[in-house]
Visitor: 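Got a structure for you, questions after.
Note on naming: letters A, B, ... go to the chains in the order of the sequence lines (proteins, then strands), and numbering restarts at 1 for each one.
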Amino acid sequence: MKELPKSYDFQEVEEKWYRFWEEKGYFRPRLDPRRPKFSVVIPPPNVTGSLHIGHALNNTIQDILVRYKRMDGYDTLWVPGTDHAGIATQNVVERELAKEGKTRHDLGREAFLERVWEWKERFGNRIIQQLKRLGASCDWSRLRFTMDEGLSRAVREVFVRLWEEGLIYRGDYIINWCPRCHTALADIEVEHRPTPGKLWYIRYPLVEGQGEVVVATTRPETMLGDTAVAVHPEDERYRDLIGRKVRLPLIGREIPVIADPAVDPEFGTGAVKVTPAHDFADFEMAERHGLPRVKIMDEDGKMTPEAGPYAGLDRFEARSRVVADLEAQGFLVKTEDYEVMLGHCYRCDCVVEPLLSKQWFVRMKPLAQPATAAVEYGFIRLVPENWNNLYFDWMHRIRDWCISRQIWWGHRIPAWTCEDCGKTSVAREDLEVCPECGSKRIRQEEDVLDTWFSSALWPFSTLGWPEKTEDLRTFYPTSVLVTSFDILFFWVARMIMMGLHFMGNIPFRTVYIHALVRDEKGQKMSKSRGNVIDPVVMIEKYGADALRFTLAALAAQGRDIKLSESRIEGYKHFVNKIWNAIRFVLLNLQDFRPRELPLEELPLVSRWILSRLSYTVERVRDRLEAYEFDQAALAIYHFFWHEFCDWYIEAAKLYLRGEEARKATQEVLLRVAEASLRLLHPFMPFVTEELWQALPHEGESIMLAPYPRAEEFPRDPEAEEKMSFLMEIIVALRNIRADYNLHPTREIPAVVLSEKKAWRDLLEAEAPLVKLLARLSELEVREAGRPEAAASVVLSEAEVFVPLSGLVDIAQELSRLYKEKEKTERELSRVETRLNNPQFLAKAPAEVVEKEKARARELQEKLQRIQENIHRFEALKS
RNA sequence: GGGCGGAUAGCUCAGUGGGAGAGCAUCGGCCUUACAAGCCGGGGGUCAGAGGUUCGAAUCCUCUUCCGCCCA
């Protein structure tokens with residue numbers, strides 16, 4: 001039997017076992033048709049990314065599930081991969097180019113893409129290496145990337161089919177435009193934030209006759225593109241104006257006053273300007289009224305020739321010029337401070353511009369309907385389920401998805417336009433000639449697809465679709481998706497839609513939505529705040545096991561995680577505790593020979609620990625199945641530390657001294673230790689493997705050993721009850737020791753009184769154990785007869801005394817007794833009030849009444865014993 | 001403005017109709033040969049406030065206050 005070093009060197013151990021697991025191919029599925037399947041696809045991190053604490057949580061949870069199921073006999077597959085993150089990655093490489101004084105346009109499309117691929121090959125692997133440090137048991141032989149050949153084929157297949165089904169269309173619509181990233185964004189890629197702004201009131205004179213309309217706007221520069229003024233149809237103030245014309249200040253265009261119910265009469269003056277090319281609501285209003293769209297701002301955020309004298313100006317400069325001119329010409333009525341909700345690009349944070357533009361869209365309604373039903377009818381379960389409402393609400397209000405992006409890095413849209421016949425054709429294979437007229441003068445669409453378009457296919461594209469692969473047949477649908485709520489709509493909803501549409505089946509049965517990791521003050525972690533906790537640094541400082549266990553222990557459902565480094569440090573102590581407990585076991589296993597466990601002959605404390613283990617195993621499994629990782633982690637923590645270490649190991653020291661008892665105790669120590677490691681393995685893969693390998697064991701690796709079952713260990717309620725009693729006695733004795741400041745190593749005599757014969761017999765039988773754990777020189781058990789001059793503690797079914805002639809402080813004893821008396825009386829009076837209430841006796845369930853009565857008896861007896869002790873000490877005092 | 005969630009020990013949180021709990025922190029005593037990253041023991045709470053339902057409310061209902069998130 002090998003001896004363990006005194007302290008745990010996680011650095012070396014983590015590296016060693018990860019390499020071992022990977023080389024042995026344990027992460028790959030066994031493809032054994034008799035085994036049930038468990039599959040997970042990783043939420044692909046951005047290829048530009050590095051592991052942040054959110055990834056650490058996300059992947060720890062997945063790994064806990066995958067390792068648990070793998071040990072529990074499932075054929076498991078966890079597919080890893082990365083996402084090409086179009087805008088983000090392009091931004092990174094463009095920044096790099098900028099340092100060389102170049103833009104992507106200097107290189108041209110092809111050279112630029114080569115440059116991005118180069119970058120990806122060099123740096124794109126970083127997050128994969130970091131996931132390995134965390135211990136993630138992904139099947140790396142199936143590593144995927146959204147721009148892989150196979151996945152790209154899936155993207156094309158999906159695009160072509162959706163086009164053929166009429167679910168993809170192209171057209172001029174208003175979209176969100178990021179002038180910095182120079183691309184369209186989907187609605188949900190825009191973050192709306194309240195920003196201090198102003199409300200300008202502008203006079204629009206009537207064309208005929210006297211009078212004017214005053215409109216309020218937060219964006220005066222867009223007035224150059226106004227094609228109407230709108231009022232609410234029932235607004236009495238403006239009833240006469242509807243149908244008349246006003247003249248647009250500064251450029252003099254005549255525009256109509258229209259009535260539309262979308263106008264909020266409470267906003268500003270109740271009259272609003274309508275700019276169809278630069279505002280979502282106005283765009284829709286223009287559709288309803290057939291208004292023209294005048295585009296006064298271009299894709300760079302500069303004013304177009306339509307803006308007349310302002311052409312060429314930047315959007316912010318144009319605003320101040322327009323305001324100044326309005327004021328100078330007397331059109332500005334007033335200005336108020338006003339908080340506006342401004343859209344910001346989720347990639348670069350600059351202010352997004354609503355813009356009229358030709359883009360590609362996916363019709364969402366026909367796809368959303370079955371995706372909603374899948375959750376509604378329980379084919380897909382969201383955990384925790386309070387996300388259901390949000391999901392339904394979003395699906396209900398879903399709008400068409402703008403999928404084209406004006407960047408280069410991504411899947412180029414497979415559409416070709418013929419310069420001769422003008423037709424657009426969409427095709428699976430690249431086109432050389434126009435299928436309509438045979439012309440060779442065709443040009444491929446410049447735009448690429450939204451990255452989320454390819455992510456939406458992830459659960460089946462990674463398994464080989466559109467090929468009919470073995471993996472697809474075996475592992476689709478996947479078992480569970482682990483993700484955070486912030487991409488529920490970006491990603492999860494779209495995977496459900498695409499999965500249902502193209503596979504005819506849900507992509508996963510359960511979606512576990514975990515919390516966001518925040519700092520200890522509850523703030524979002526961000527580089528600018530400087531409050532980020534870097535998981536890689538934490539792994540280096542405290543070990544991957546400590547980090548993983550901390551995240552699991554804090555992962556309560558429906559609550560954000562407030563993480564601080566000290567929590568991780570705290571759980572490192574737990575790792576150390578495990579190490580030392582197993583070290584103790586090993587030190588005492590030097591002469592160990594395995595044998596059958598004679599259950600009937602086991603000492604009480606051994607039967608107790610096996611029973612507690614059985615209960616803990618059941619609890620851990622149950623909480624894992626419920627995705628309550630915190631509860632599962634805490635159950636193990638409590639069992640291992642406070643039951644196995646604090647009580648069993650201490651008790652075992654007694655039995656290890658014997659002959660026969662030693663052998664049985666070795667067996668129990670080993671079984672409990674070994675099973676605890678297996679139970680812990682999904683949470684702490686590294687230290688458990690290291691220790692399991694050091695213990696006598698069967699098999700090559702703990703990660704392939706069976707997950708513990710509650711039935712492996714006998715339940716023994718009687719042993720649990722007896723142990724509870726003994727523990728109560730021992731704690732009482734330790735209590736007296738602490739109160740009297742008796743040195744922990746000093747052995748003291750004790751007397752225990754109990755009227756119950758069963759308890760007296762138990763105490764006699766277990767006297768050696770009680771003496772060891774309470775450090776007693778002798779233990780006397782009596783039915784009656786209190787010793788003189790003794791410190792005492794009154795329990796409900798026993799009294800504990802430490803006779804200490806000369807040492808007992810009567811005043812202290814009395815104060816303890818009076819305090820206890822007060823507490824007991826308070827409790828008793830509460831119980832009695834209840835029992836004296838006829839309503840309670842009549843209406844409460846019989847077992848509750850019975851329980852209360854028993855409790856009253858117990859308290860009365862205890863009170864009486866306290867009273868007797870008080871009398872005794874009072875007598876001694878005088 | 002609409003929706004969702006939260007308020008329980010100093011901190012982080014569990015408890016969802018019948019004796020207020022855990023971890024960490026704190027205080028006191030200990031180097032008791034697995035572990036001082038440890039052991040033993042203690043203190044600490046009108047369960048945000050008000051009202052209601054009930055024999056009984058931290059728990060269910062209503063309102064109020066405060067905090068967070070999502071949407072408009």
Side-chain angles (χ1 to χ4, degrees), chain A residues 3-4 6-8 187-188 191-192 264 266 280-281 341 384 386-390 392-394 397 485-486 488-489 515-516 518 520-524 542 546 550 553-554 556-564 566-567 569-588 628 630-631 633-635 637-638 641-642 645-646 649-650 652-653 669 673 730-747 772-775 826-828 830-831 833-845 847-849 851-852 854-856 858-859:
Chain A
E3 203 172 305
L4 290 177
K6 252 195 121 153
S7 68
Y8 172 47
D187 296 340
I188 54 175
E191 287 172 12
H192 295 276
D264 175 10
E266 305 288 313
F280 283 89
M341 289 300 282
N386 46 328
W387 292 105
N388 283 359
N389 281 342
L390 201 62
F392 293 139
D393 186 48
W394 191 77
R397 290 181 305 131
F485 78 90
D486 51 348
L488 196 56
F489 307 128
L516 244 47
R518 298 172 174 279
E520 55 206 309
K521 294 188 210 87
Q523 291 186 307
K524 249 183 172 166
Y542 306 107
T550 307
L554 296 180
Q557 279 182 18
R559 224 183 242 267
D560 283 347
I561 294 178
K562 290 185 194 167
L563 184 72
S564 68
S566 62
R567 304 299 292 255
E569 194 184 355
Y571 282 113
K572 188 187 171 223
H573 297 174
F574 182 43
V575 177
N576 183 252
K577 188 75 182 175
I578 296 162
W579 179 266
N580 279 291
I582 303 301
R583 189 160 168 270
F584 172 85
V585 172
L586 273 169
L587 286 172
N588 286 285
E628 291 181 17
D630 57 324
Q631 297 300 313
L634 295 176
Y637 181 93
H638 182 261
W641 198 317
H642 298 301
C645 292
D646 288 354
I649 286 187
E650 291 308 317
K653 287 173 182 172
L669 272 172
I730 292 162
V731 168
L733 287 162
R734 287 170 174 172
N735 229 309
I736 293 172
R737 179 188 292 278
D739 280 358
Y740 277 92
N741 241 320
L742 301 173
H743 197 275
T745 50
R746 176 173 164 188
E747 297 204 326
L772 174 76
L773 297 181
R775 295 247 163 199
R826 231 181 303 134
E827 269 183 76
L828 183 60
R830 218 174 0 188
V831 175
T833 313
R834 205 170 295 171
L835 285 169
N836 289 335
N837 182 348
Q839 299 271 31
F840 173 72
L841 297 174
K843 295 192 179 174
E847 71 260 26
V848 173
V849 176
K851 210 174 139 195
E852 290 297 312
R855 178 149 176 71
E858 209 175 88
L859 288 168

Visitor: Please examine the side chains of A:Leu841 and A:Val849, heavy atoms only from C-beta on, and report whether any two atoms are closer than 4.5 Å.
Guide: yes

Visitor: Between A:Asn580 and A:Asn576, do the side chains contain a donor N or O and an acceptor N or O under 3.5 Å apart?
Guide: yes

Visitor: Please tell me if the side chains of A:His573 and A:Tyr542 come closer than 4.5 Å, counting only heavy atoms from C-beta onward.
Guide: no

Visitor: Report, as a single string ordered 5' to 3', how protein heavy atoms within less than 4.0 Å touch nucleotides 21-33 of chain B: B base, S sugar-phosphate only, - not at all.
Guide: --SS----SSSB-

Visitor: Determine the interatomic distance between C1' on B:rU59 and the same-named atom on B:rG15; round to the nearest Å.
Guide: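 One C1' to the other, the span is 9 Å.
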
Visitor: Out of B:rG18, B:rA37, B:rG38, which nucleotide sits closest to the side chain of A:Asn576?
Guide: B:rA37

Visitor: Please tell me which of the listed nucleotides, B:rC35, B:rC70, B:rG41, lies nearest to the side chain of A:Arg583?
Guide: B:rC35

Visitor: Heavy atoms from C-beta onward define the side chain here; which of B:rC40, B:rA34, B:rG18 lies closest to that of A:Asp646?
Guide: B:rC40

Visitor: Whole-Å distance between B:rC39 P and A:Phe574 CZ?
Guide: 12 Å

Visitor: Supply the atom-to-atom distance A:Arg567 CZ to A:Thr550 OG1, rounded to the nearest 0.5 angstrom.
Guide: 8.0 Å

Visitor: CG of A:Asp630 versus C1' of B:rA14: gap in Å, rounded?
Guide: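 Going from CG in A:Asp630 over to C1' in B:rA14 covers 8 Å.
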
Visitor: Which distance, rounded to the nearest 0.5 Å, do you find between the CG of A:Asp739 and the CZ of A:Arg734?
Guide: 14.5 Å

Visitor: Using the P atom as the point on both nucleotides, what is the distance between B:rG38 and B:rG43, in whole Å?
Guide: 22 Å

Visitor: Between B:rG38 atom P and A:Asn580 atom CG, what is the distance in whole Å?
Guide: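 That distance rounds to 10 Å.
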
Visitor: Treat a base pair as Watson-Crick or G-U wobble with both distances under 3.5 Å, then lay out RNA chain B in dot-bracket form, 5' to 3', with | for cross-strand pairs.
Guide: ((((((((.[[[[.)..(..]]]].(((((.......))))).....[[[[[..)....]]]]]))))))).

Visitor: If you check the A:Val848 side chain, which of B:rA34, B:rC69, B:rG18 turns out closest?
Guide: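 Among the listed nucleotides, the one closest to the side chain of A:Val848 is B:rG18.
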
Visitor: Could you measure between the two P atoms, the one in B:rC47 and the one in B:rG28, and give it in whole Å?
Guide: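 Going atom to atom, P in each nucleotide, I get 30 Å.
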
Visitor: Reckon A:Arg734 has a side-chain N or O less than 4.0 Å from the OP1 or OP2 of B:rG41?
Guide: yes

Visitor: What distance separates A:Arg775 CZ from A:Arg746 CZ, expressed to the nearest 0.5 Å?
Guide: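 A:Arg775 CZ to A:Arg746 CZ: 13.5 Å, rounded to 0.5 Å.
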
Visitor: Please verify the inter-ring angle class for A:Tyr637 with A:Phe574; under 30° counts as parallel, over 60° as perpendicular, anything in between as tilted.
Guide: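 A:Tyr637 and A:Phe574: tilted rings.
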
Visitor: Just compare B:rC71, B:rA14, B:rC35 and give me whichever is closest to any side-chain atom of A:Gln631.
Guide: B:rA14

Visitor: Using the C1' atom as the reference point in each nucleotide, state the distance between B:rA58 and B:rC69 in Å, no decimals.
Guide: 25 Å

Visitor: Rounded to whole angstrom, note down the P distance from B:rC66 over to B:rA72.
Guide: 25 Å

Visitor: Quick check: on RNA chain B, is the nucleotide nearest A:Asn389 upstream (toward 5') of the one nearest A:Glu852, or the reverse? Name the residue that is more 5'.
Guide: A:Asn389

Visitor: Given B:rG18, B:rC70, B:rA20, which nucleotide is nearest the side-chain atoms of A:Pro845?
Guide: B:rG18

Visitor: Taking the side chain as everything from C-beta on, heavy atoms only, tell me whether A:Ile649 gets closer than 4.5 Å to A:Leu669.
Guide: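 They are in side-chain contact.
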
Visitor: Quick one: A:Phe485 CZ to B:rG5 P, roughly how many Å, whole number?
Guide: 14 Å

Visitor: Does A:Val575 reach a base, just sugar-phosphate, or nothing at all? Heavy atoms under 4.0 Å.
Guide: nothing

Visitor: Would you say a side-chain N or O of A:Asn837 is under 4.0 Å from OP1 or OP2 of B:rG56?
Guide: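 Answer is no, no contact under 4.0 Å.
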
Visitor: At 4.0 Å (heavy atoms only), tell me whether A:Arg830 reaches a base, stays on the sugar-phosphate, or touches nothing.
Guide: sugar-phosphate

Visitor: Students often get this wrong, so: under 4.0 angstrom with heavy atoms, is A:Glu569 touching a base, only sugar-phosphate, or nothing?
Guide: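 No contact.
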
Visitor: In whole Å, what is the span from the CD1 atom of A:Ile578 to the P atom of B:rG38?
Guide: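 Whole-Å distance recorded here is 13 Å.
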
Visitor: Let me know the distance between CG of A:Leu390 and C1' of B:rC69, rounded to the nearest Å.
Guide: 10 Å

Visitor: Looking at every heavy atom in both A:Thr745 and A:His743, which two are closest together, and how far apart are they?
Guide: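 Closest pair (atom of A:Thr745, atom of A:His743, distance): OG1-ND1, 2.7 Å.
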
Visitor: What integer number of Å spans the P atoms of B:rA7 and B:rA14?
Guide: 7 Å

Visitor: What distance separates A:Leu828 CG from A:Glu858 CD, expressed to the nearest 0.5 Å?
Guide: 11.0 Å

Visitor: Could you tell me if the side chain of A:Ile578 sits less than 4.5 Å from the side chain of A:Trp641, heavy atoms only?
Guide: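 SC-SC contact between A:Trp641 and A:Ile578 ruled out.
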
Visitor: Between B:rG52 and B:rG42, how far apart are the two C1' atoms, rounded to whole Å?
Guide: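 Straight-line distance between the two C1' atoms is 41 Å.
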
Visitor: How far does the C1' atom of B:rC13 sit from the matching atom of B:rA25, given to the nearest Å?
Guide: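 Taking atom C1' in both B:rC13 and B:rA25, they lie 14 Å apart.
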
Visitor: Find the distance A:Asp739:CG to B:rG42:P and express it as a whole number of Å.
Guide: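 After rounding, the reported distance stands at 8 Å.
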
Visitor: Mind checking the CZ-CD spacing from A:Arg834 to A:Glu852? Nearest 0.5 Å is all I need.
Guide: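 Reported to 0.5 Å precision, the distance equals 4.5 Å.
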
Visitor: In this structure, how many angstroms lie between the C1' atom of B:rA34 and the OH atom of A:Tyr8, rounded?
Guide: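 It works out to 17 Å between those atoms.
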
